[in-house]
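This report refers to the structure that appears directly beneath it.
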Number of protein chains: 2
Amino acid sequence: MAQHDNTLKSVDKVFKMVEHLKTNGGKTVTELSQELDMPKSTVQVYLNTLAKNKFVVQNGATYQIGLQFLQYGMYALWNEPVFPNVKSKVEELADTTGELAACFVEELGEAVYVYGTEGNRAIRTDLTMGDRSGLHCTASGKAIFAHLSQERIEEIISQRSLERKTPQTITDPDELREELKQIRERGHAYSKEESVEGMRSVAAPILLDGEVVCSISLAGPANRFVGERFTSEVPDIVKGAANEIELKLTYSESGL
Amino acid sequence: MAQHDNTLKSVDKVFKMVEHLKTNGGKTVTELSQELDMPKSTVQVYLNTLAKNKFVVQNGATYQIGLQFLQYGMYALWNEPVFPNVKSKVEELADTTGELAACFVEELGEAVYVYGTEGNRAIRTDLTMGDRSGLHCTASGKAIFAHLSQERIEEIISQRSLERKTPQTITDPDELREELKQIRERGHAYSKEESVEGMRSVAAPILLDGEVVCSISLAGPANRFVGERFTSEVPDIVKGAANEIELKLTYSESGL
DNA sequence: CATTTTGTTCAACAATATTGAACTAAGACG
DNA sequence: CGTCTTAGTTCAATATTGTTGAACAAAATG
């Protein structure tokens, strides 16, 4: 541990406990005590504190993550002024194409999945709102990545490892820089099975005053995302939708 | 303050700070210091801790609630085994009726709004997933309330005040007990502008092994929810949907 | 460039988190 | 039934850690 990390250790431990409950499901006092290597009495105090604040809920003898988190998470979501517009447009995209439409936001150098809807023939993913991944391995992530400032791009490349998800994932920094350049020229990003095998997608950034606020994407099975459809039809649909959102945003912004 | 409240004070304060950020939007160190009456250096340590755990995000000089909450909130949601079934059925209800369809869950004696979809002519509400309200003032709340154990009902009535939301809200315990009895006999609950003026709704509980797990509801403007439609048509639709969910649940449960 | 404001660092001190031991409650078992 | 076992709870001493102002750095303001 570093000398001065300037953090509250008890709070760190509280979050560690919450994480443990998320990963391992509901637990009793004794289980937590053993698994986290803390005395029972300490666990009790922690759970009392979490329960008092509704972040953890007692169900008989077991404690679980509470719905209180949802309230704060939803606040963070709706706090982004783009969100309402993006949400309805994503739903429209899923409806008209039948594929999986989604929206990602950048936070702390990661892509966060904030909304998605499945069209009637969409592929199924196990993505849940709030899930995070590297910016380098999805179309949505790359669409955002490409439009960050040059310094921020280099900062993120140097700080985060370009983790390999599939054989197609771009893990070489130089290759990534070239890819981002192409995305800026093209106006949209592709993923050719770079995060999930068998899944391809197309994403476009949403820019407001030159700043990227999020990206929207369409994803589908590799066999449907080929040829003309993949290289021009789907990109046009996605970019069109992104454009409409941008227009609504600038309109509503000036209309204040 | 009580003698021994057996809670971690620093953690309580962390949550207080998060709550402040939710209520008042992004804040700087100095603002928080003034508004929460804490020294700047203390605020700093708190924000460092929250930021390190991604629950708060620094945006220039201001700190905001982070999307990390979303991940835990979503976990809590999907942790309920009913949720996937309920979600699709609620969407179906909104589609076929054009009204506002929603699902509520009980937690800590409160109704928590966990999912909702607006049909094409639905009334607009400012409800956000994760919002909480008393069990006594909505159709969804009462539908759940009525099917809790008798002891739990009395416990909740005695511990929580039956807060008045509109002139129609039931605030008298005896009146509420009678209402709950009728709901049990009828199989569904009504709200006649008891939480929001001009809004009526119909809700049905979803029971699994005799335990109520959540409720689903349809809400609409008072002028559309009248006569035959309000007393039999909508209730039949809602109860039908609830039944289908119950069947799917018992089926998938035994199928394990 | 001077001035004010805001953010950050640090080490001493006070506060509080931590702990085991003692206690109670609930189940298991014969 | 009563004993044994296991799980949950309480509490007061101690050591750890949270808290703080003061001093510094950085940025914004005039």
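By convention in this document, chain letters (A, B, ...) are assigned in the order of the sequence lines, proteins followed by strands, and residues within each chain are numbered from 1. The model shown is predicted, which means the values in this text are computed figures rather than measured ones.
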query = In B/S/- notation, 5' to 3', how is nucleotides 19-30 of chain D contacted by protein heavy atoms closer than 4.0 Å?
reply = SBB---------
Report all interatomic pairs (protein N or O, nucleotide N or O of nucleotides 27-29 of chain C) with separations under 3.5 Å.
none

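- Bending across the helix from C:dC1-D:dG30 to C:dA22-D:dT9, expressed as the angle between its end axes from five pairs apiece, amounts to 50° (10° rounding).
- No close placement of the A:Phe15 and B:Tyr72 rings is indicated, their centers lying 6.0 Å or farther apart.
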Show the distances under 3.5 angstrom between N or O atoms of the protein and N or O atoms of nucleotides 23-26 of chain C.
none

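- For A:Glu244, the side chain to side chain donor-acceptor pair (under 3.5 Å) criterion is met by A:Lys89, not counting sequence neighbours.
- B:Gln71 and B:Lys54 form no side-chain donor-acceptor contact under 3.5 Å, judged by distance and modelled atom types alone.
- Checked against side chain to side chain contact (heavy atoms under 4.5 Å, CB included), A:Thr28 has the following partners two or more places apart in sequence or in another chain: A:Thr30, A:Glu31, A:Ala61, A:Thr62.
- Applying the side-chain hydrogen bond (donor to acceptor under 3.5 Å, both in side chains) test between A:Ser140 and each of A:Ser133, A:Ser191, A:Ser217, A:Ser195 identifies A:Ser217 as the sole match.
- Partners of B:Thr171 by side chain to side chain donor-acceptor pair (under 3.5 Å), not counting sequence neighbours, listed by chain and number: B:Arg164.
- Scanning for salt bridge (Lys or Arg N to Asp or Glu O under 4.0 Å) contacts around B:Glu155 gives B:Arg152, with sequence neighbours left out.
- Near DNA chain D, defined here as any heavy-atom distance below 4.0 Å, the residues from residues 21-30 of chain A are A:Thr28, A:Val29, A:Thr30, listed numerically.
- Distance, B:Asn6 CG to D:dG8 C1': 12 Å, rounded to whole Å.
- No more than 12 heavy-atom neighbours from other residues, nucleotides or ligands sit within 6.0 angstrom of CG on A:Asp37.
- Proximity of B:Asn85 to B:Ile206: side-chain heavy atoms (C-beta onward) are nowhere separated by under 4.5 Å.
- In terms of the salt bridge (Lys or Arg N to Asp or Glu O under 4.0 Å) criterion, A:Asp126 has no residue partners (sequence neighbours excluded).
- Rounded to an integer number of Å, the gap from CG of A:Leu47 to C1' of D:dT10 is 16 Å.
- In terms of the salt bridge (Lys or Arg N to Asp or Glu O under 4.0 Å) criterion, residue partners of A:Glu35 (sequence neighbours excluded) are, by chain and number, A:Lys27.
- Here A:Gln34 pairs with nothing under the side chain to side chain donor-acceptor pair (under 3.5 Å) rule; sequence neighbours left out.
- With respect to the salt-bridge test (charged N to carboxylate O, under 4.0 angstrom), the residues A:Glu107 and A:Arg132 qualify.
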